[in-house]
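Note that the numbering runs from 1 along the sequence shown for the chain. As a basis for the values below, the full set of heavy atoms in this structure was taken, side chains included, without hydrogen atoms, waters or symmetry mates.
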Amino acid sequence: MDQTQFGYLTKSVFSRSASGADELVPFIQYTNDGVLAIGGESTGKLGFGIASGLTPTPELLVVVDEINKLMDFGHYWLAEGSDNRHWSLVCGFKFPYATTSPEHVGELAAGVVSGGRAALVNVVRGKLAKMRHDEYWLEGEDPGAQALVLTSHLG
């Protein structure tokens with residue numbers, strides 16, 4: 001697999017998204033409900049945001065640790081914000097091209113796009129219920145602008 005094949009696979013899967021899809025540049029695609037794919041030189045990334053407006057606290061770190069222990073592939077992390085009260089929680093998957101099959105990328109991307117993202121977001125936001133936070137992806141906002149921010153958070 002290489003960058004071109006990763007981009008082709010994710011673009012193909014994203015084109016079937018019920019919410020629609022677009023691209024920032026040829027190697028960065030997104031769905032209009034918040035899934036992003038970045039085709040890097042040696043590694044592809046697929047991810048989505050969960051919550052924003054978070055303040056890092058011991059309780060939040062416990063939640064991130066707990067949900068990461070449930071992951072077999074991929075992980076959750078906190079992305080730094082403009083100040084200590086505006087961090088974001090994101091989920092991402094990395095695909096080193098040298099060791100990743102196209103079938104694996106296609107299956108995972110399809111699962112995330114067809115409802116997996118929404119299910120994971122709902123479960124994790126439920127764990128954050130007692131902590132002040134906002135939705136990460138906002139309906140009605142410019143999806144391209146939101147995808148650009150998510151690009152930096154998935155780094």
Identify, with sequence neighbours excluded, every residue that meets side-chain contact (heavy atoms from CB on, under 4.5 Å) alongside Glu141. Leu138, Gln146

Please check: side-chain N/O of Arg125 versus main-chain N/O of Ala51, any donor-acceptor pairing under 3.5 Å? no

Please answer: with hydrophobic residues joined when any side-chain heavy atoms are less than 4.5 Å apart, are Val13 and Leu46 in the same cluster? yes

Filter on side-chain hydrogen bond (donor to acceptor under 3.5 Å, both in side chains), then keep only pairs touching residues 66-76, sequence neighbours left out; what's left? Asp65-Lys69

Do Met71 and Leu60 sit in one hydrophobic cluster, given that two such residues count as connected whenever their side-chain heavy atoms are within less than 4.5 Å of each other, even indirectly? yes

Got a second to check how far Ser88's OG is from Leu78's CG, nearest 0.5 Å? 8.5 Å

Assigning hydrophobic clusters by single linkage (Ile, Leu, Val, Met, Phe, Trp, Tyr; side-chain heavy-atom cutoff under 4.5 Å), is Leu120 placed with Val64? yes

Would you give the length of the straight line joining atom CD of Glu139 to atom OG of Ser19, rounded to the nearest 0.5 angstrom? 9.5 Å

Taking the side chain as every heavy atom from C-beta outward, state whether Val105 and Gln5 have any pair of such atoms under 4.5 Å apart. no

Point-to-point distance, once rounded to the nearest 0.5 Å, from CD1 of Ile28 to CG of Leu154: 10.0 Å

From Arg132 CZ over to Leu54 CG, what is the distance, rounded to the nearest 0.5 angstrom? 7.5 Å

Test of understanding: clusters of I, L, V, M, F, W, Y form through side-chain heavy atoms closer than 4.5 Å, transitively. Do Leu150 and Val121 belong to the same one? no

Ignoring hydrogens and angles, tell me if any N or O in the side chain of Ser12 forms a donor-acceptor pair with the backbone of Tyr8 under 3.5 Å. no

Any donor and acceptor pair, going by atom type alone, linking the side chain of Ser52 with main-chain N or O of Glu135 inside 3.5 Å? yes

Show your reasoning for whether side chain to side chain contact (heavy atoms under 4.5 Å, CB included) applies to Tyr30 and Leu36. CA-CA 4 Å; Tyr30 63 91; Leu36 183 80; 3.8 Å; yes

When you look at Met131 and Val63, which way does the side chain to side chain contact (heavy atoms under 4.5 Å, CB included) test go after all the steps? CA-CA 11 Å; Met131 298 172 215; Val63 168; 3.5 Å; yes

Would you call the rings of Phe73 and His104 parallel, tilted or perpendicular, where under 30° means parallel and over 60° means perpendicular? perpendicular

Say whether, by atom type as modelled, one donor and one acceptor occur between the side chain of Trp137 and the main chain of Asn32 under 3.5 angstrom. yes

Let me see the working for Trp87 and Glu80 under side chain to side chain contact (heavy atoms under 4.5 Å, CB included), right down to the final yes or no. CA-CA 5 Å; Trp87 287 59; Glu80 189 174 5; 3.7 Å; yes

To the nearest 0.5 Å, tell me how far Phe14 CZ sits from Asp33 CG. 9.5 Å

Closest heavy-atom contact between Gln3 and Glu41? NE2-N, 4.2 Å

Between Val112 and Phe48, does a side chain to side chain contact (heavy atoms under 4.5 Å, CB included) hold up when you go through it step by step? CA-CA 9 Å; Val112 170; Phe48 52 90; 4.0 Å; yes

Thr57 versus Thr55, side-chain donor and acceptor atoms under 3.5 Å: no

When clusters are formed by joining ILVMFWY residues with side-chain heavy atoms under 4.5 Å apart, either directly or through shared neighbours, do Leu128 and Leu61 land in the same one? yes

Got a donor-acceptor contact below 3.5 angstrom from the Tyr97 side chain to the Gly40 backbone? yes

Between the side chain of Thr31 and the main-chain N/O of Ser17, is any donor-acceptor distance below 3.5 Å? no

To the closest 0.5 Å, what do you measure between CD1 (Ile50) and CH2 (Trp77)? 10.0 Å

